[in-house]
Each structure stands twice: as C-alpha cells, then as structure tokens.
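Beneath this line is the structure, given in structure tokens, with notes to follow.
Chain identifiers are assigned alphabetically (A, B, ...) following the order of the sequence lines, protein sequences preceding nucleic acid strands; residue numbering begins at 1 within each chain.
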Amino acid sequence: MKNTRERAIMSRYDFRKTSVKLVYGLMVICIALISLSMLYPFVNTFLGSLKTTKEFFTFPTPFFPSNWLWENYKESLTLFNITKYFKNTLFIFFGNTVFSLTFIGLAAYSLSHLRVPMKKWITLYFLSTLLIPAASYLIPNYLNLKGFGLLNTYWAFWLPAGANAFFLLLLKNFFDGIHKELFESARIDGASELRCFLGIAIPLSAPILVTLVLLGFSTTWNDFYWSYLVMKEDKLPLAAAIYSKIIYPGSTINWNIRFAILTMTLIPPVVLFLFFQRFIIGGLSVGAVKG
Amino acid sequence: MELQLGTPIAKPGLRRKTRWYFWGLLFLIPEILIFFLFLWVPIFKGIVYSFYSVDFVSGNVFVGWKNFADVLSNPDYYTAVKNTLVYMGLAVLIGFWMPIAMAIAVSELKWFQGSARVIGYLPSIIPAIVLYAMWKWFYDPIGPINSFLNFLGLPSFDFYSREHAVLSLIILETWQNFGSATLIYIAALTAVPKDLYEASELDGAGVWARIRYITLPSIKGLILVLLGLQLIATSQSFQSQLTMTNGGPDNATLTYLLLTTREAFNNFNFGNASAMGSIMFVVLVVCSVVTIKLRRGGDGG
Amino acid sequence: MKKSLLISALVLILIIAGCGNGDNKGNRSSPAASSETPSASSSATEEATPSESANAEPVSIIAYAFPPDKTQENISLDAQIKRFQEKQPHVTITPEYWKYENTQIAIKMASNSAQTEFTTWATEARLLTGKKWIADLTDYMANWEFGKDLNEKAMEPYVIDGKTYGVPIDAYGVTVTINKKLFADKGVPLPPLDWTWDELIEAAKAINDPAKGIAGIIPMGTGTESGWNWTNFLYSAGGDVQTVADGKVTAAFNSEAGLKALQLYKDLKDANVIPKTWAIGYGDAMTLFQQGRGGMILVGNGNAADQAINQGGLNKDDIALYPIPSVTKGGKHLGIAGGNYKVINGLATKEQQKAAFDFVVNEYFTDAYLESIDAQIAAKKAKNEIFVPQMINYWNDSSEFGKKYEEVLAKHDNVYKFDPALNGLLESKLEATYEVQAYYGEMANVIQKVFTSKGDIDLQQLLDDAAAKVQKNIFDKVVIPE
C-alpha cells in the first residue's frame, strides 16, 4: 500500500537542504509532543483506576500506583453493567448510521447530480438549519418527540439522526467533486439512478463515508445530556448511564472505581477505531480518484 | 449540463414534469420530511415560544415583544455577546490553523503516519464529561501543568484568572476538536494531484511555495466551509464554559448560549431563552447572507 | 442570482414561520392539552384508570428510586413497596430512578415524566408550588394520624400560606467541618467551639501551607453554591437576603452586615488562606477537603464528614464540626437551614396523588422505618463505613419516636457522634424564599470579583450594583400570590 504514495509535498530531493531537514525535525517533534498530550489522559485514567482511594488523593499524586489493584475492576463490574449499556450504544450507533447515511446520501446525491425543481431553495431549506442554536429548540424538540410517542424508543435517535445538515453538506460537497461523465455513461448504458447511486457514487465516496461514520460514532459516544432525557434506565447509552449512575452530582462512588469504569469505556472505541484506521487508509487511496 | 439544470423545455406538462423530476424528488423527499419533522417543527415552535410566557403546566400566555425587551435590558446580555465574539475570534486565531498545519505535517510523515492520525483522533473518543473533569485537574494550581512549570523553574500559571480563563478554554477545545478536523483535511490533501508538486518542484518552487501555491489553494473550498462551520460552532459553545468555569470569573466566560441555558433551566424562563435563540438565528442568517453576497461580489469583481 | 438567494431565504423563513404558527395552535399547552398529559402517562403504565368511585380501583404510581450504587437504600425501598402493597393491593408501584435537579425539573414536568412522588430540597418550595408542579397536601395531612407529630421547624419551608406541600425527610444546618489532622500536623491548638470570625481567620492562617497546596479554608467560588456559602456569613452578621413587604420583594444583602461578610471574604483572600483558584464548586470543595488540601469547609452538617470518612478515607476522629462563627464572642452562631422533602407530582391524578401520599408516609413513625435504618447501618458496617446521621429529622427529638431512634443508633459502633456542645451553639435560619437561586448566582459573580481582585476594591459598590441588578431583573418580577 505504502509504495503507491510515492511522494507528498516534499520529495526526497528536498531533504538535501539543511533548513528543510531542520524544519522537518521540528515538525516531527511537535507532532510527537502533541501525540503525547493526546495519550496522557488515557494513561492517567488507566493508572488512576489501579490505585487505592488513599493513593488517588495523595498530593503530589504518584504517576504509577504502588500496587496494581486489579480488584477495582471486579468491584466496578458489580456496580455497573457495562456490556448492557455498551450494547445499547452500539444499537443506537448502527441505527443512526444506517438511517442518516441512507437518507442524507440519497438527498446529497439528488442535489448534486439529479434534476430537482427549486434546487437552491431546497438546499437552503437543509443548510440554514446549521445556523440555529440547538438550545433554542431543545425543549420543543423534546416535546415533539414526546408527541410522536418516540420517547424511550430507539427511533427517537434513529429518525432525527437523518436531520443533520453538516453531514449533508460534507457529502454533497464530495459528490459535487465526482465527474458527471461517470454517471452520464452509466445512464446511457441503461443504469437506473438507484444503480448510479449505489454502484458509482457510494463506492467513490468511501473516504468521506468513513469520516461520517466516525463523526457519528463520536457523537453517539459523547452525548449524555440529551439521551439521559430521552431514554430511561435500561435503554440508556453508555455515556448517559455513566453520567446518571456513576458521576452524578453527589455520587459517593470512589474515584478509583469511577476511573476503572471510565477505562473500560475507553477501551472499546479505541479498539474499534484502530480497526477503522485501516479502512480509512484504504479509503483514502480510492479517494485520490476523485481528482 | 442540460440534464442537470433542467432548463424548461417549453413548459412541460405536469406528467412530463413529474417524470423529468421523478428520481430527484424521490431521493429528496424522505430527507425533506425528516428535516421538517425533527428540525423545522421544533425550531419554529421555539420561535413561537419567544412571544409567549411559557408554562407547560398552566398554559402559555402571549406577551408580544416583552421577552425581547427583557432580554435586551439585561446587562449580562451584552457581556455575553461580547464574550462570544471574543471567543469566536480567538478560537479562529488559535485553533483554526492547527488542524490544517497538522494535516499537512502528518501527511508528510514518513513513518507512523497512521499512528499519528489515530492518536490525534483519540480525544474525540473520550466522552466530553470525562474530558472536562480531566482538564480541570490539568489546569489546577497544583495540577500537572503547573508542577511541570515549577519543575522547569517557571512560576505557576493561573489558568482561571479573568485574563486567562477564555484562553484556557480555547486551548482545551482546540485540543479536543482538532483531530476530527485534521482527518477531514487529510482526506482532502490526498486528493491533491501529486504531479502538480512534481511539476512545480521541477520549476524550482521550494517547499513553502508548494504549500502556498498548490496545497492551500486546492483545499481552499474545504477551508472556507470548515471556517464557516467553526464560526457557527463557536458562536454556540457553552459546554466547556458550563463545566469548567460556569461562566466565571465575574462573567468573563459567560457565552451567549450559556446565558440562554441559564435563562431556560436556572431561571425557568423559556420565553426569554427562546427569544435569545430567535435573535441569534436572525443575526446568523443575516451574517451568512451578507457573507455569501460579499463573496459572490468579490468573485465577480 | 445573489438577490434571489437573499429573497428566497426571507420567503422561506416567512413561509415556514407561517406553517409553524398554524401547526402550533393545536399543540400549545393550553390547559386542555396539559390535562391530557397525565392520562397519557397513566395509559403508558396501563393500569391507572382515574375514577371517582372507590379506593379499590387499581392505581399505579412511580416511586423515587435511589441511584444504583445505593444498593442498601434501594433494597429498603423495594421492601417498603412490598409492605405497602400488602396493605393496599390495588396500588401498583414501580420504582424509577431520576434524581431531582433544578435544571431538569422543567423538562421533566413539560413531558410529565417525573415520578409520582419525588424528593426535593427546601429551596425549591416556592418554585414548585408557584408553577403548580407539586400537589397541595393539606387535606391528606389533616387525615393522617401522625400529621401533627412532624417536626414543625423542618416543615416550615413547605408550609405556604397555611397550606402544606411537602413532607420533611430530614434537615440540616450549615456547619464548618474541620480537618483536625492539619492542626495536629502544624502543632497548633484547635479553636474553641464558641468561636468568632477573627478566630476563623487565625485558624485558617495557622494551618495554611501554600507550598504544599494546603489552603486554610475552602470557600466555594463558583455556581450558586458560592452564594449559598457566603450567605452563612451574611446571616451570622445579622443580615438578610431580602425583605418581603406589601407584596414586594426587596434586596437587602447590600446592608452593613453584607459589607462585613464580604470584607471577611476579602480578608481571607488578602491573607492568602483560600485555594489559588476561585473555580471551586461544591464537589470540588469536597474533593479538596477529603484530599487534605483544605482545612475547613462550609456544608450541611454531616455531609462533609460522611464523604471525607467514607470516601476520602479520613479518620473519623480527625473530623470536627463547628458552628458558623459569631462576629463577636458570645454572639449568635447563625447559619443556613436546609433539608430534604417528599413532594407529590402535581400532574398526577387525584387517585395517584392519594396513593403516593399514603405510600410516602406509610412507614413514618413506625418500627419498620427504624428497622430499615438499623439494616442500613449494619450494611455500612459490613463495608467498613461510618453512618453519619442527620442532625434534624422529621420527628421531634424529644418525642417517643426520637428516643427509639437514638436507641437504634446507640446499638452500633459505626455511627458518627456529633459533639453535644455543638447542638447547644448551632442556630439555623431558613433560606430566603423568593428567587434564591438567582440571588446566589449573582453573588457568585461578586465573590469572584473579590477573589480575583488585585489591590483595593469598593466592596459596598459591588454589593450595591449586585443588589440593583437582582432587584431590577429578578425581584421586581416576583408576583406574590394573595
């Protein structure tokens, strides 16, 4: 795979200059430092989860625990059914992805490559929602879902997931970049629009789709306030369950136990992300076709 | 092109029109419905509420422009507007170029390019509540950053002082968000034709020149889109302010949306909160329309 | 092209605004719509059919469950439900977990998804009754055999214009919790229990150690809790938050007492005995205290002790509770009083409200209650934890029941014992009633101004400005019901 990316902005030739070498070295150091700062919280959380309560609160806090207390994990599992909430999160995430990408994809394709009356108006109809602060319609939104009888069902996430102007914008921009000739020739060959969409537009947009899936995942993964309002008890996604059951104001669960739970919640997305990482690189080389 | 735009072919009949637009509309209708039901209906209920004294139990009472008058006579309102503008500006100055630079730098890496990308995205994976708790500790007067400064022989830094609080929050948010922006830029960078670099190098263009005249112009569209989105996002930010500083010290980090949520959830004044939302909506719409006009005008001239 | 975009944007807004309007008419929460909601929720639980006729009609209610880590409390609740249902089998009770938050109650009420009975705080009385979110319990109280035995002092906040809206659970007075170990480490004696403001400053200076990150005292500096903390000193100096007369609420905290209390905060700051950052909320202050990074904290009496011992791992003998200091020797030790209350959802049907009230008070003044307390203490013992009782409860301490309760506590060795001398000194005054949270919020700004100030500032000016602002924006809008 790597050999196909023969060069980027800099070529081998550039590295003969000392100044370029210096700047490049500085850049690498910067990236390394930034990477370290990104990793630090993870390490901190993990090590914190293995300390005793006392050690957790000593000042200055030792970096490594003096005893690696794996029992904290056992105790946290009795408190918190992590697999259940994790399953809920995945369920919400998969539904969101399917619904949002299907509806948004079709609409973006239509706006990019199909005949649509009043196209500008319709685009505006979608994109102007980007300008409206979510807090101003938080309550009506909630009452609206209640009105549809969607509260405490997964539909309350799946259907509104399609109403995402940001995704629509990104996808439409990407589709705009695909040559119209590709579709023209397919149409001449008698392909239906659905075939053009599924057979040409979708495969060509793999990189942006992967990005959207990732963005969608982090939204589902992060949101706690809204899902806590919409869902009850057993159907809560992980972040909301942690918020309402572990770190709610006034919680007396010990901090080392909290960190053990947090560490467990951090592992699955990291693994998932590592898995997707290959996908991204694969997708990117396809993306170069876009031109 | 003619297929595309659908230049009217001498007033097609309704049936022909339907067939002409069949696929386009078929693909669009579900999304139009979803936007209507789950975005526009709530949004306009929100606007309607801004003219009411809202009480979900004993019923709403129409009060005309009173909510707007209330909002505009509150001195905190102007503090919040000012803070939000400052915040948006600083976030662009400090945070906006970071992902672009990072994307260019990472795509130049010979080794560990994949790892750098993964690591950069990691903060987006941490649930935001956890993240704020962590940073609160990092910024603590005796937290890790200050310990490190003292270790270097430097004096402690007060991250929460009136002068620094906004900056501290911007650094935090930049840190939190730039991974996903970087991913988007990297995706765009790979699409820049490599032969352009090859050609310009042969013409004697240095690395900087290549970045300036080839890389940046080819992702200009994306940069503008993300700039717009960032401005919109920062104009609406309140989560980090709420959890880290609760608007303090002395309202130094009170943003527009934080004040809105305070009106709604602390003072139970949904009418005022909706009015604030409506004002913001109108201002943002006007700004964007002006921007679009200016940009088109600029392009024309 | 440009023009068309602008026009289309405007037209779009107008059109949809029009639709939105028409669309909304049916939905606007008119009384009709809101009276519809309770039945909607009961049909969701499927059993409640509101009927006038008999008690025997099945009713279903939702009880206020505890967070899942409070295992013992939830077990007690389940047992309590079982015992109640033996008595009244037509009532179905489902425990549900949602913890009262004043920032979430509105949305819960808007969708009618709060529990039929829930627990709330003393501060919320005016808000909840003003919005009609909780039911009037006066008639139920009159018919309840123990209605007269409740601790009147604890009931006070929920008795409004002669009507009762809440059943007290327990109550507290704010005290200063002290980490004795920090005094021992420095070899300084503890201040006397009957202490003054000056002795508070001296004590804070004595244990202060910025190099080790130890602050003498941890006044909360962010959120409404900071205003709440400071108000203790306002009370202690003889001040008041507001005065209510002729149907008008007037800000009164910019008085001489207010200035004194704010000067105290300035003195603490100038003496450098508070933490280096003002950004400390309730939780942060607790954390600092149990880490031994601060010597004193102002909270409801048992709370800091409970957390510091059971969670922070401080030794129970290292904790001492002091009253709020008096301004001068022998003066009053006046702090804020607060508490927890059971209230009944105002949106529930009459039958549900009645059933919920019966359920809430079912075990008040009974042996079953004492047994469940006994079991809770035993469970804490098994986990090597200390039980910290509340100082004020729903019963009168001198009553028969109060004595029985003391006996239960005396059976165990893991019960925290308050200094009897403290009881003699401690005096508590109820929190202000109108728009307290808004006042606390505004005071947070004032306190932050003091804590981040450099050099001299005009404290009186700060207070006057804050008072004027609260007066104009908040207090002037209060409508006091007849």
Note to self: Show, in sequence, the C-alpha distance, side-chain angles and deciding distance for Ile232(B) and Phe166(A), and conclude whether the side-chain contact (heavy atoms from CB on, under 4.5 Å) test is met.
What the structure shows: CA-CA 11 Å; Ile232(B) 291 168; Phe166(A) 178 48; over 6 Å; no
Margin query: Before you tell me yes or no, could you show the steps for Phe126(A) and Ile32(B) under side-chain contact (heavy atoms from CB on, under 4.5 Å), namely the whole-Å CA-CA distance, both residues' side-chain angles and the distance that decides it to 0.1 Å?
Written below: CA-CA 8 Å; Phe126(A) 289 131; Ile32(B) 289 178; 3.7 Å; yes
Margin query: For Val41(B) and Tyr137(A): C-alpha separation, side-chain torsions, deciding distance, then whether side-chain contact (heavy atoms from CB on, under 4.5 Å) applies.
Written below: CA-CA 9 Å; Val41(B) 167; Tyr137(A) 58 88; over 6 Å; no
Notebook entry, point to check: Do Trp208(B) and Val20(A) pass the side-chain contact (heavy atoms from CB on, under 4.5 Å) test, and can you show the C-alpha distance, the side-chain angles, and the key distance before you say yes or no?
Noted result: CA-CA 10 Å; Trp208(B) 280 124; Val20(A) 172; over 6 Å; no
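Counting heavy atoms from C-beta on, the side chains of Leu37(B) and Phe148(A) come closer than 4.5 Å. In this structure, the side chains of Phe281(B) and Ser128(A) stay at 4.5 Å or more apart for every pair of heavy atoms. With contacts defined as side-chain heavy-atom distances shorter than 4.5 Å, the pair Leu145(A)/Pro42(B) does not qualify.
For chain A, the nearby part of Phe270(B) is the side chain; its heavy atoms alone come within less than 4.5 Å. Both the backbone and the side chain of Trp175(B) come within less than 4.5 Å of a heavy atom of chain A. Neither the backbone nor the side chain of Leu26(B) comes within contact range of chain A; no heavy atoms are under 4.5 Å apart.
The aromatic rings of Phe35(B) and Tyr125(A) lie tilted to each other, with the angle between the two planes from 30° to 60°.
In terms of heavy atoms, Gly162(A) sits closest to Ile34(B) at C-CG2, 3.8 Å.
The main-chain N or O of Phe38(B) is never found under 3.5 Å from a side-chain atom of Asn144(A) such that the two would form a donor-acceptor pair.
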